[in-house]
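Take a look at the structure below.
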Amino acid sequence: MSMSETLELVSENRSFGGRHQRYRHYSRALDCDMIFAVYLPPQAEDSRVPLLWWLSGLTCNDENFMQKAGAQRLAAELGVAIICPDTSPRGTNVPGEHDSFDLGSGAGFYVNATQAPWKAHYRMYDYIVEELPSVVRLHFPVNGRESISGHSMGGHGALMLALRHPGRFRSVSAFSPVVNPMECPWGQNAFRHYLGEDKSRWRPYDACELVANGASRQRLFIDQGEADNFLDEQLKPGHLEAVCEAHDHPLTLRRQPGYDHSYFFIASFIEDHLRYHAEHLYK
């Protein structure tokens with residue numbers, strides 16, 4: 001068994017009859033140690049269960065969703081495992097990786113960097129698409145049925161990955177996603193540093209571009225708070241709504257009055273998302 005496939009248990013907690021566990025492993029894709037979290041529902045004691053991937057947003061790691069979203073009770077009832085990866089490589093000492101919240105540490109944007117000094121470690125796309133799934137399949141009782149969701153930068157990741165891999169995820173949803181990173185400051189800053197100035201390299205990582213190019217017909221389910229401080233400058237859900245309408249792409253976009261960008265918002269509607277994914281995972 002390779003180093004990438006060897007797991008070190010960091011912590012474990014019982015939760016609603018299941019288990020919340022954190023593991024450390026060496027990632028070949030990122031060339032550093034990574035920590036991820038998994039919630040295994042009680043059904044996983046006796047059988048293989050479906051899996052929901054959760055991708056977190058800027059400044060977050062594997063702990064935010066597991067501690068703040070309140071997802072374990074319903075995941076235990078539905079028999080769905082949840083995997084929470086970290087949001088970037090850690091401890092790589094890339095120059096500048098700790099200088100701002102929207103670039104580097106905690107801000108991998110789920111892309112494969114092609115520019116120095118980032119390209120040696122910042123390959124989160126390969127980590128999420130290939131390496132971590134192989135580790136999960138090897139070590140945990142999952143049955144191959146997968147869905148994906150995320151928040152903010154992680155919502156961008158969830159939409160982008162589902163659109164780029166038709167048929168892999170039975171359903172996709174997002175909270176407050178960055179839907180058009182090519183047209184917002186967070187995305188432009190990250191893409192310029194990670195991918196260079198050639199915007200043709202940006203398009204495969206932009207949900208609006210992927211919908212416009214017909215990458216997939218998978219339905220997108222999104223909740224967006226109308227009191228979100230980042231709504232107009234960074235998130236721009238109207239861009240995705242317009243491109244989906246223009247290309248007849250199935251989209252459910254719910255605007256929630258009074259809700260902001262926080263985990264209070266996520267916790268308020270996570271039940272809807274978990275039931276939505278469970279319906280597709282068990283269909």
Side-chain angles (χ1 to χ4, degrees), residues 5-25 34-57 60-87 127-151 154-155 157-158 161-162 165 167-175 218-219 221-223 263-283:
E5 297 166 342
T6 303
L7 300 185
E8 173 194 350
L9 182 65
V10 175
S11 64
E12 181 174 23
N13 306 94
R14 292 289 286 180
S15 180
F16 296 97
R19 297 180 186 273
H20 166 253
Q21 300 169 326
R22 300 181 73 220
Y23 288 94
R24 179 183 291 111
H25 74 120
M34 293 291 284
I35 290 177
F36 68 90
V38 56
Y39 177 71
L40 296 173
Q43 295 86 341
E45 299 285 342
D46 303 312
S47 60
R48 294 186 175 273
V49 295
L51 176 66
L52 175 66
W53 288 86
W54 175 269
L55 304 184
S56 291
C60 294
N61 58 22
D62 67 283
E63 296 182 286
N64 298 74
F65 178 84
M66 289 298 195
Q67 294 184 6
K68 297 179 180 180
Q72 290 89 342
R73 179 193 60 80
L74 189 57
E77 174 188 323
L78 298 172
V80 174
I82 303 173
I83 294 284
C84 292
D86 204 344
T87 54
Y127 179 68
I128 299 297
V129 171
E130 298 176 4
E131 185 176 23
L132 190 55
S134 71
V135 172
V136 169
R137 287 192 292 267
L138 181 64
H139 288 279
F140 300 101
V142 293
N143 63 14
R145 297 184 177 193
E146 299 180 320
S147 292
I148 192 167
S149 187
H151 172 230
L161 291 174
H165 296 273
R168 176 162 179 174
F169 301 103
R170 293 183 172 232
S171 52
V172 56
S173 74
F175 291 83
Q218 187 161 35
R219 175 172 292 279
F221 173 33
I222 295 170
D223 268 318
Y263 266 83
F264 293 105
F265 170 48
I266 294 170
S268 298
F269 297 99
I270 191 63
E271 179 171 349
D272 292 352
H273 287 245
L274 289 175
R275 292 194 182 280
Y276 175 77
H277 292 301
E279 178 182 354
H280 289 82
L281 288 166
Y282 278 101
K283 187 175 290 184

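- Looking only at atom types and distance, the side chain of S149 has a donor-acceptor partner in the side chain of S173 under 3.5 Å away.
- Classified by interplanar angle (parallel below 30°, tilted 30° to 60°, perpendicular above 60°), the ring pair H273/H277 is tilted.
- For the atom pair E146 CD and L281 CG, the distance stands at 9.0 Å (nearest 0.5 Å).
- With hydrogens and angles ignored, the 3.5 Å screen pairs no side-chain donor or acceptor of Y23 with any backbone N or O of V38.
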Take W54 and N64 through the test side-chain contact (heavy atoms from CB on, under 4.5 Å) and record every step on the way to the result. CA-CA 11 Å; W54 175 269; N64 298 74; over 6 Å; no
Can R168 and V129 be said to form a side-chain contact (heavy atoms from CB on, under 4.5 Å), step by step? CA-CA 10 Å; R168 176 162 179 174; V129 171; 3.4 Å; yes
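- Salt-bridge check for E279 with R275: failed, with every basic side-chain N at 4.0 Å or more from each acidic carboxylate O.
- Counting only heavy atoms from C-beta outward, the side chains of Y39 and V80 never approach each other to under 4.5 Å.
- For Y127 against H25, the heavy-atom pair with the smallest separation is OH-NE2, 2.9 Å.
- To the nearest 0.5 angstrom, Q67 atom CD is 9.5 Å from Q72 atom CD.
- For the pair S56 (side chain) and G154 (backbone), a donor-acceptor distance under 3.5 Å is absent.
- Contact between P85 and L55 at its shortest, heavy atoms only, is CG-CD2, 4.0 Å.
- The existence of a salt bridge linking R19 and E45 is confirmed by a sub-4.0 Å separation between a basic side-chain nitrogen and an acidic carboxylate oxygen.
- Note that OG of S171 is 10.0 Å distant from CD1 of I148, once rounded to the nearest 0.5 Å.
- Atom CZ of F264 is surrounded by 12 or fewer heavy atoms from other residues, nucleotides or ligands within 6.0 Å.
- Side-chain atoms of K68 and I266, non-hydrogen and from C-beta on, never get closer than 4.5 Å to each other.
- Between the side chain of Y282 and the backbone N or O of G79, at least one donor-acceptor pair lies under 3.5 Å.
- Side chain of R145 to main chain of H280: no donor-acceptor pair is present (N/O by atom type, distance under 3.5 Å, no hydrogens or angles).
- Listed here is the closest heavy atom pair of A69 and I270: O-CG2, 3.4 Å.
- M34 contributes atom CE, which lies 9.0 Å from atom CD of E131 (distance to the nearest 0.5 angstrom).
- For the residue pair G155 and A174, the shortest heavy atom distance occurs at CA-CB, 3.8 Å.
- Taking every heavy atom of both residues into account, L40 and P141 meet most closely at CD2-CD, 4.4 Å.
- Looking only at distances, a side-chain donor or acceptor of R14 sits under 3.5 Å from a matching main-chain atom of G17.
- If you look at F269 and F175, their ring centroids are not closer than 6.0 Å.
- Under the 30°/60° scheme for interplanar angles, the aromatic rings of H151 and Y263 are found to stand perpendicular.
- For the atom pair CZ of F36 and CG of L132, the computed distance is 5.5 Å after rounding to the nearest 0.5 Å.
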Please lay out, stage by stage, how L161 and W53 fare under the test side-chain contact (heavy atoms from CB on, under 4.5 Å). CA-CA 11 Å; L161 291 174; W53 288 86; over 6 Å; no
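- We find the CG-CD1 distance between L274 and I82 to be 5.5 Å, quoted to the nearest 0.5 Å.
- When ring centroids are compared, H165 and F169 stay outside the 6.0 Å threshold.
- For R22 and E12, the salt-bridge test fails: no basic side-chain N is under 4.0 Å from an acidic carboxylate O.
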Given V172 and Y276, is the side-chain contact (heavy atoms from CB on, under 4.5 Å) satisfied, shown in steps? CA-CA 9 Å; V172 56; Y276 175 77; over 6 Å; no
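- The two residues C60 and D86 have their closest heavy-atom pair at O-OD1, 3.7 Å.
- Of the possible polar contacts, one joining the R48 side chain to the V142 backbone as a donor-acceptor pair under 3.5 Å is found.
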